[in-house]
Amino acid sequence: METEDILMCPGPNEIADRVIRAMMRPAACPVYEEFQEFYEQTLDLLAQVLQTRHQVVPLPGSGRSGLESAITSVVERGERTLTIVNGQFGDLAMRIVNSIGGKGEGFTSPWGAPIDLEAFAAKLASGPYKLVTMVHNETSTGALYHAEAVARMAHEHGALFLLDAVSSLGGANLPMDAWDVDLVVSCNHKAIGAPIGHAYVAVNDRAWEAMEKRREPCGTLFGNLLTWKAQPSDIPAPGRALRRPQGVFTAVHLFYALHEALTMILEEGLPKRFARHLLNAAAFRSGITALGLQTITKSVEIASPTVTCVCLPDGITSEAFLHLFREDHGLATLPGIGEYRTTAVRVGHMGVTATPRNILHALHAFDSVLTKLGHQHDRGAAVTKAEEAYAEAETA
Ligand SMILES: Cc1ncc(COP(=O)(O)O)c(C=O)c1O
């Protein structure tokens, strides 16, 4: 299958040519010492992106395999957990807890709105909870939440804190250690810009200790994170082989790609990369506003740097819009989720697509498709507004 589409999905998103080319290498046996060296180097790069000194565990699979492993590794049957549910993906963590016999409770907050931390504190006080979870960047609404305060509150109540960073890592600042997050879950195919197929869980000492102190053994063999825990005392000499065990055979070619994607991120530099995502997201939003459209997330303070969810005008369905967006402009993305399925579309601007070229292309496509579907607006205003935002940033 060949496609000329540009993926501006809320993940998976475009992959840089450099990253694709990195996979054009011969097969290697994952347990060879050379590959072990490369494996550990790649995980060190990942730790830099996570701004952590803790170990990062890679798991074959998608984002939810990381979430499921992290939750299953720390939560035991009957234990209570608290999840902030303010979109589709908070709900996912709670469903995982309940599926393994835990007692997952939700702190429900309106989609796309800031979290009421006072009300959350009151709910937390009705614990104790073993684990608190939240989504950093809610991909179903396009909102980025401040995790640091929630981590602190969870710890004050004796709970572990898990952050779902599936659609933020690589596109938004996430200093795991400075925020004292116990478990961070992310994956290849969103703002990291690598192919679908690997999730990762970064684990701090508090979370390892919880796994080691379980009353019952972990209910999953494949997803038990302890299988991956570094065993420095087992280092066979010479070399670093098996310093960090591979719980399963690593997807070697995905690691080649991941290594390249992480190298690109670190070459760009984290502050510059985060600023690039913020600028392109802001330019996109200003263009969308110029078309008279609204986004699901109303508050600019929590507007996501990686995903914007645009509400379509009355009478225009996401299906009709997305068909023309792709057919006429070569731009592929996804509809809203839940109650927004037919009335909104979600646009990803992360990694390769967080650039003026793609943002201006997408805004022109919005202008053109909406016109074709009968919407009245100021033609050309979206692109003009975004260009102004770029010009302003240049002179600032
Ligand atoms: C915030 C968030 N968490 C979890 C997931 C689940 O990840 P996956 O679909 O890769 O399993 C997604 C997917 O979009 C997501 O956006």
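Throughout, residue positions are numbered sequentially from 1 according to the sequence presented. Atom set for the values below is all heavy atoms of this structure, side chains included, hydrogens, waters and symmetry mates excluded. For ligands, and for the atoms within them, numbers begin at 1 and follow the listed sequence.
- Side-chain contact annotation: Asn137 with Tyr145, donor-acceptor N/O pair under 3.5 Å absent.
- The two residues Gly380 and Asp367 come nearest to each other via the heavy atoms N-OD2, 2.7 Å.
- The part of Lys190 lying near ligand 1 is the side chain, judged by heavy-atom distances below 4.0 Å.
- Checked by distance only, ligand 1 and Ser62 come closer than 3.5 Å through their nitrogen or oxygen atoms.
- Near Val135, with a cut-off below 4.0 Å to any heavy atom, the atoms of ligand 1 are 1 (C).
- Ring geometry for Phe38 against Phe35 counts as tilted: the plane angle lies between 30° and 60°, on a 0 to 90° scale.
- Side chains of Gln246 and Thr250: a donor-acceptor N/O pair is present below 3.5 angstrom, by distance only.
- Numbered from 1 in the order shown, with element, the atoms of ligand 1 that lie under 4.0 Å from a heavy atom of Asp164 read 1 (C), 2 (C), 3 (N), 4 (C).
- For the residue pair Tyr129/Arg80, the side-chain donor-acceptor check at 3.5 Å is satisfied.
- For ligand 1, the atoms sitting less than 4.0 Å from at least one non-hydrogen atom of Thr139 are 1 (C), 2 (C), 15 (C), 16 (O), numbered in the order shown with element in parentheses.
- Using cut-offs of 30° and 60° for the angle between ring planes, the Phe366 and Phe325 rings count as perpendicular.
- Residue contacts with ligand 1 include Asn137, since one or more of its heavy atoms lies under 4.0 Å from the ligand.
- Residue contacts with ligand 1: Gly63 is placed with a nitrogen or oxygen under 3.5 Å of a nitrogen or oxygen of the ligand (distance criterion only).
- Closest heavy-atom approach to atom 9 (O) of ligand 1 among the candidates Gln88, Arg64, Glu138, Glu68: Arg64.
- Distances below 4.0 Å separate heavy atoms of His189 from the following atoms of ligand 1: 10 (O).
- Put simply, the residue from Thr355, Thr353, Ile6 that forms a side chain to side chain contact (heavy atoms under 4.5 Å, CB included) with His361 is Ile6.
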